[in-house]
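Data block below; observations after.
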2 protein chains.
Amino acid sequence: MSNEEIIRKFREKGVRVTIQRIAVYRAVLSSHHPDVDTILRMLKKDFPNLTAATVYNNLEALEKAGLIHKVLTDKGKMRYDGILEEHHHLLDTEEDVILDHFDEELTRMLMEYFRKKPIKGFEISRIMVQMFGRTKKEKE
Amino acid sequence: MSNEEIIRKFREKGVRVTIQRIAVYRAVLSSHHPDVDTILRMLKKDFPNLTAATVYNNLEALEKAGLIHKVLTDKGKMRYDGILEEHHHLLDTEEDVILDHFDEELTRMLMEYFRKKPIKGFEISRIMVQMFGRTKKEKE
DNA sequence: TTGATTGCAAAGGTTTTGCAGCTAC
DNA sequence: GTAGCTGCAAAACCTTTGCAATCAA
């Protein structure tokens, strides 16, 4: 994505443009669920003075603007996701594994369900289904 | 629940019985998604020497035994849930609050959905929907 | 008896905060 | 000009670990 494109996106969302913020955004887009430390390491080359505080600040700003999503690992660590596509999780109850599960039909069905049957006193912004179970062993 | 009942449950699951463990289990059952600190404070009266380490140990043991569930807040904090009945969660993205959402229709709809459209290579035993969003302020 | 649990203290790791100087708008 | 951002250091926070004494089975 070109810088101009990113800057346009930021402006659209009322997000201030700084080179660090653009870099953080790029880092999230270009890697798979990075955590803060990973992002820091990725950007240290270009921004030797960059610190965790700034990365956190920017991730928060980008998330508030709806440009990225926060994902929590099973251990409660923050990771970030630049793919805004809704997805769900398969959690292995024995092996501590989380798998992404993309299922547009499911997502749509749930959105529709809650549109018809809203929850009193709660405004939903995102729905995620967690399926607990076991990964089936494949015959070999 | 009587002590005898709890002890029977523990034995059934092969969980060692200690008074601290019983107390931690009671604390989870009797409160809403408590975090470790809340449990500690609840039990300090009766167990002045109780420490976080022991609470963590016991929560882990109880979770492994399937007697309670671990839930992660939107902020990545561990909370525990003693309700094993199927239900869903509303997670406040601002306030570190978890609300239970009982909705049999939703649960049934999802079970039906996955019965018709099973996930290849994964056997579902429990489905939980997490809805992230904001608790709406009531007009006063 | 022996393997698990407790409680204490300390460490570990992640995220947040305060603040002075700087920057985008 | 001013509200917001950066970078630094320190603090805050939550969870885990090591270990000696104790306890359940």
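Chain A is the first sequence line, chain B the second, and so forth, proteins listed ahead of strands; every chain is numbered from 1.
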- Run through B:His69, B:His33, B:His32, B:Lys70 and flag the one making a side-chain hydrogen bond (donor to acceptor under 3.5 Å, both in side chains) with B:Asp81. B:His33
- Message: Distance check needed: C:dG13 P versus A:Lys77 NZ, whole Å only.
- Response: 10 Å
- Message: Please classify the nucleic acid contact of A:Asn58 as base, sugar-phosphate, or nothing, using heavy-atom distances under 4.0 Å.
- Response: sugar-phosphate
- Task: Ignoring backbone atoms, establish whether A:Tyr56 has a side-chain N or O less than 4.0 Å from OP1 or OP2 of C:dT16.
- Result: no
- From CZ of B:Phe10 across to P of D:dC23 the rounded distance in Å is 19 Å
- Item | Cationic N near anionic O, under 4.0 Å, A:Lys64 to A:Glu60 | yes
- Message: For a quick test of reading the model: is some side-chain N or O of A:Arg11 closer than 4.0 Å to OP1 or OP2 of C:dC25?
- Response: yes
- With respect to the phosphate group of C:dT6, does any side-chain polar atom (N or O) of B:Asn49 fall under 4.0 Å of OP1 or OP2? no
- What's the verdict on salt bridge (Lys or Arg N to Asp or Glu O under 4.0 Å) for A:Glu105 and A:Arg108, showing C-alpha distance, side-chain angles and the deciding distance? CA-CA 5 Å; A:Glu105 187 187 349; A:Arg108 255 186 285 112; over 6 Å; no
- Task: Mind running a 4.0 Å heavy-atom check of residues 20-33 of chain A against DNA chain D and sending the residues that fall below it, in number order?
- Result: A:Gln20, A:Arg21
- Note on the structure: Nearest-nucleotide check on DNA chain D, B:Val17 vs B:Ala52; residue mapping nearer the 5' end is B:Ala52
- Query: Between A:Met78 (CE) and D:dC13 (C1'), how many Å, whole number?
  - Reply: 12 Å
- Query: Is B:Lys136 reaching over with its side chain to a backbone N or O of A:Lys120, donor-acceptor style, under 3.5 angstrom?
  - Reply: no
- Task: Check A:His87, A:His88, A:His89 against A:Phe102 for a ring-ring contact (aromatic ring centres under 6.0 Å, His included) and give me the one that passes.
- Result: A:His87
- A:Arg16 has its side chain closest, among D:dG4, D:dT17, D:dT15, to D:dG4
- Kindly indicate whether the side chain of A:Tyr113, heavy atoms from C-beta on, has any atom under 4.5 Å from the side chain of B:Asp103. yes
- Please tell me which of the listed nucleotides, D:dT6, D:dT15, D:dA9, lies nearest to the side chain of A:Thr54? D:dT6
- Message: Nearest whole Å is fine: how far is C:dC25 P from A:Ile7 CD1?
- Response: 8 Å
- If you look at every strand shown and take non-hydrogen atoms under 4.0 Å, does A:Thr18 touch a base, only sugar-phosphate, or nothing? sugar-phosphate
- Task: Report which part of the nucleic acid B:Lys75 touches: base, sugar-phosphate, or nothing (heavy-atom distance under 4.0 Å, all strands).
- Result: nothing
- Message: Looking at B:Met109, I want to see if its CE is surrounded by more than 12 non-hydrogen atoms of other residues, nucleotides or ligands under 6.0 Å.
- Response: yes
- Task: Describe, as an angle rounded to 10 degrees, how the axis at the first end of the helix from C:dT1-D:dA25 to C:dC25-D:dG1 is tilted relative to the axis at the last end, five pairs per end.
- Result: 50°
- A:Arg8/A:Glu4 ion pair, N-O < 4.0 Å: no
- Rounded to the nearest Å, what distance is computed from the CG atom of residue B:Leu43 to the C1' atom of nucleotide C:dT6? 14 Å
- Please report, rounded to the nearest Å, how far the P atom of D:dC14 is from the CD atom of B:Glu60. 19 Å
- Task: Round to the nearest Å and state the distance from B:Asp74 atom CG to D:dC14 atom P.
- Result: 15 Å
- Message: Could you tell me how far apart B:Leu50 (CG) and C:dT5 (P) are, to the nearest whole angstrom?
- Response: 15 Å
- side chain to side chain donor-acceptor pair (under 3.5 Å) with B:Thr73: which residues, sequence neighbours excluded? B:Asp96
- Message: Mind checking if A:Asn57 touches a base, just sugar-phosphate, or nothing, with heavy atoms under 4.0 Å?
- Response: base
- Message: More than 12 heavy atoms of other residues, nucleotides or ligands under 6.0 Å from CD of B:Glu104: yes or no?
- Response: no
